[in-house]
Visitor: 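What follows is a single structure, and I will ask about it in a moment.
Chain A is the first sequence line, chain B the second, and so forth, proteins listed ahead of strands; every chain is numbered from 1. No experiment lies behind these values; they were computed from the predicted model shown.
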Amino acid sequence: MRNNKQPQEDPIRLDDLFQLKRQEKPDQQFWEEFDVQLQQKMLGSMVDRRNLLDRFRQFTLRKILPLSLAGSALAALVVSLSPLWKPVHSDKPNTDVEVAALSQPSNTEIESVDFHEATLSATQVDFDSLPEFSSLELSVDASLNAVYETNGLVASSDSLLTGIAEQLF
Amino acid sequence: MNAQVLNQAATTSFIPVDTTDNSGGILQGQSLQSEDSPDSQLIEHVKAGHANAFNTLVNRYRERVFSVVYNMTSNREDANDVTQDVFVKAFQNIHRFKGNSAFFTWLYRIAVNTAISFIKKNRNRQYFSLENLQEDGISGKIAEILSSRKHSRRDILLRELQEKLNEALQKLSVKHRTTVVLFEIEGLSHKEIGQILKCSEGTVRSRLHYAKNELQNYMEDYLRQGFDGYNE
């Protein structure tokens, strides 16, 4: 092959290349195969779409419909029975009086008691008026004083119990 | 797509329709076999359930759609598959076509979007499978150069030029490549390209300018060296 080193005077332009590109065309045989393949694809897509629709319909009938019916029935049952139910206990106040009572500041104050100073002598009870008891003596074990010193809550609860016992007897 | 279209399409073949066939079936009493029927009329027939009318639309636009996809992918087998997908999509969604734009604009938009999706999915798999060149249609400077070559060398030169051109096109970004293909190869106007790509005419012009500059740069060295090497 001879190699001519002379540069071309009129180089190829980009438009010439585009013109070349436009000539890239398939032959008739290509289009015949194309038509057959396209037909198969379109039929395939239709079958797929039908299958999809059928599957959706079957899924709806078998799964969603029974579930939704059951859910609706349950919801109807709950709604119909709900007036019969009364709350046994509620944390929320039901009446305005209760609300007012809860909103007021508490007047009760826990007084601190020095149990070292407190008199813990036995309480004498007049049992003459209570014939069913021959005698009753309430005493507080001195050993509890140590507990009371460190635990005010025990002390207060114990004093509360003592108060109750006094009211009872 | 309604059930009527489905049922009738199932019995339809994509053989070019006979314009004189008034024998009956789904085409009875219809003049939709005419290749000269306007797109709008054919579309109405397809929407009405006459799937055979879609054959005419396929025959009318398959080469142009294939050309767009082929020049975007530079692979004839891929272009074949994608073009078929484009027509399947068009058939399935033809009820959505409201006639606000030309049918081919709508079809081109499907083609471009399908091709772009395909390219993005197969970004790592890129090889050329080039279409045959019809030498009869070649004119201008290239034809002049080819005429001075022996037949065997002419084929080699054309093939190489074809490969280089496709290679250069593939170096462009997808949006620049699409714009060049639609304008320079398909011959669409700026306005039509803007409608298809959903961008302004100014954007189309800008992309064209940039893409052509890039292509010129890619091809410049080859055009100097390559053609000189084949001079006899």
Side-chain angles (χ1 to χ4, degrees), chain A residues 1-69 72, chain B residues 1 6 9-10 12-16 51 54-55 58-59 62-63 66-67 70-71 76 80-81 83-85 87-88 91-92 130-142 145 153 158 161-162 165-166 168-169 180-181 184-187 212 215-216 219 223-224 227-232:
Chain A
M1 181 174 64
R2 268 187 314 169
N3 191 358
N4 190 352
K5 296 293 181 185
Q6 288 181 349
Q8 295 197 3
E9 292 175 359
D10 188 12
I12 292 178
R13 294 170 300 140
L14 208 52
D15 288 340
D16 296 321
L17 297 177
F18 290 134
Q19 195 257 338
L20 184 70
K21 200 89 182 76
R22 289 185 209 113
Q23 302 309 315
E24 294 183 19
K25 290 177 182 173
D27 52 19
Q28 188 55 39
Q29 189 186 350
F30 173 88
W31 291 120
E32 287 168 8
E33 290 171 8
F34 177 89
D35 286 337
V36 173
Q37 289 171 357
L38 178 58
Q39 182 191 4
Q40 289 171 350
K41 256 190 188 180
M42 291 188 79
L43 290 175
S45 73
M46 288 169 205
V47 171
D48 287 346
R49 187 167 272 223
R50 276 182 173 177
N51 285 342
L52 194 67
L53 287 172
D54 285 345
R55 271 187 282 171
F56 178 73
R57 196 172 54 202
Q58 285 175 2
F59 178 77
T60 306
L61 287 173
R62 288 182 185 173
K63 303 282 182 183
I64 296 178
L65 192 62
L67 280 176
S68 58
L69 284 175
S72 303
Chain B
M1 185 167 31
L6 282 172
T12 300
S13 66
F14 289 90
I15 299 167
F54 196 72
N55 280 352
V58 171
N59 289 334
R62 64 184 183 185
E63 290 183 25
F66 177 85
S67 176
Y70 167 72
N71 287 311
R76 73 194 301 268
N80 184 32
D81 288 340
T83 305
Q84 287 168 9
D85 290 344
F87 282 110
V88 170
F91 184 65
Q92 287 176 340
L130 302 179
E131 195 52 80
N132 294 323
L133 264 173
Q134 296 186 348
E135 287 189 42
D136 298 343
I138 299 172
S139 59
K141 184 66 185 171
I142 294 178
I145 294 170
R153 296 200 186 285
L158 264 181
L161 192 58
Q162 199 181 359
L165 185 55
N166 281 285
L169 270 175
V180 166
V181 166
E184 296 291 349
I185 301 171
E186 297 305 313
K212 287 174 82 171
L215 278 176
Q216 188 76 48
M219 297 293 293
L223 290 177
R224 280 198 202 121
F227 273 84
D228 289 349
Y230 283 97
N231 279 339
E232 292 177 342

Visitor: Say you draw a straight line from CD of Gln162(B) to CG of Leu17(A); how long is it, rounded to the nearest 0.5 Å?
Guide: 11.5 Å
Visitor: Does the side chain to side chain contact (heavy atoms under 4.5 Å, CB included) test come out yes or no for Phe18(A) and Leu215(B), once each step is laid out?
Guide: CA-CA 11 Å; Phe18(A) 290 134; Leu215(B) 278 176; 3.7 Å; yes
Visitor: Find the one option among Val88(B), Asn71(B), Ile185(B), Leu169(B) whose heavy-atom pairs under 4.5 Å with chain A are most numerous.
Guide: Ile185(B)
Visitor: Which answer fits Val180(B), side chain, backbone, both or neither, if we ask what part of it has an atom under 4.5 Å from a heavy atom of chain A?
Guide: side chain
Visitor: By salt bridge (Lys or Arg N to Asp or Glu O under 4.0 Å), which residues pair with Glu184(B), not counting sequence neighbours?
Guide: Lys212(B)
Visitor: For the CD atom of Gln84(B) and the CE atom of Met42(A), what is their distance to the nearest 0.5 Å?
Guide: 10.5 Å
Visitor: Counting only N and O atoms by type, is there a donor-acceptor contact under 3.5 Å from the side chain of Lys21(A) to the main-chain atoms of Asn166(B)?
Guide: no
Visitor: From Leu38(A) CG over to Asp85(B) CG, what is the distance, rounded to the nearest 0.5 angstrom?
Guide: 9.5 Å
Visitor: List in chain and number order the residues that pass ring pair (Phe, Tyr, Trp, His ring centres under 6.0 Å) with Phe34(A), two or more places apart in sequence or in another chain; answer none if no residue qualifies.
Guide: Trp31(A)
Visitor: Measure Glu63(B) against the heavy atoms of chain A and call it side chain, backbone, both or neither at under 4.5 Å.
Guide: both
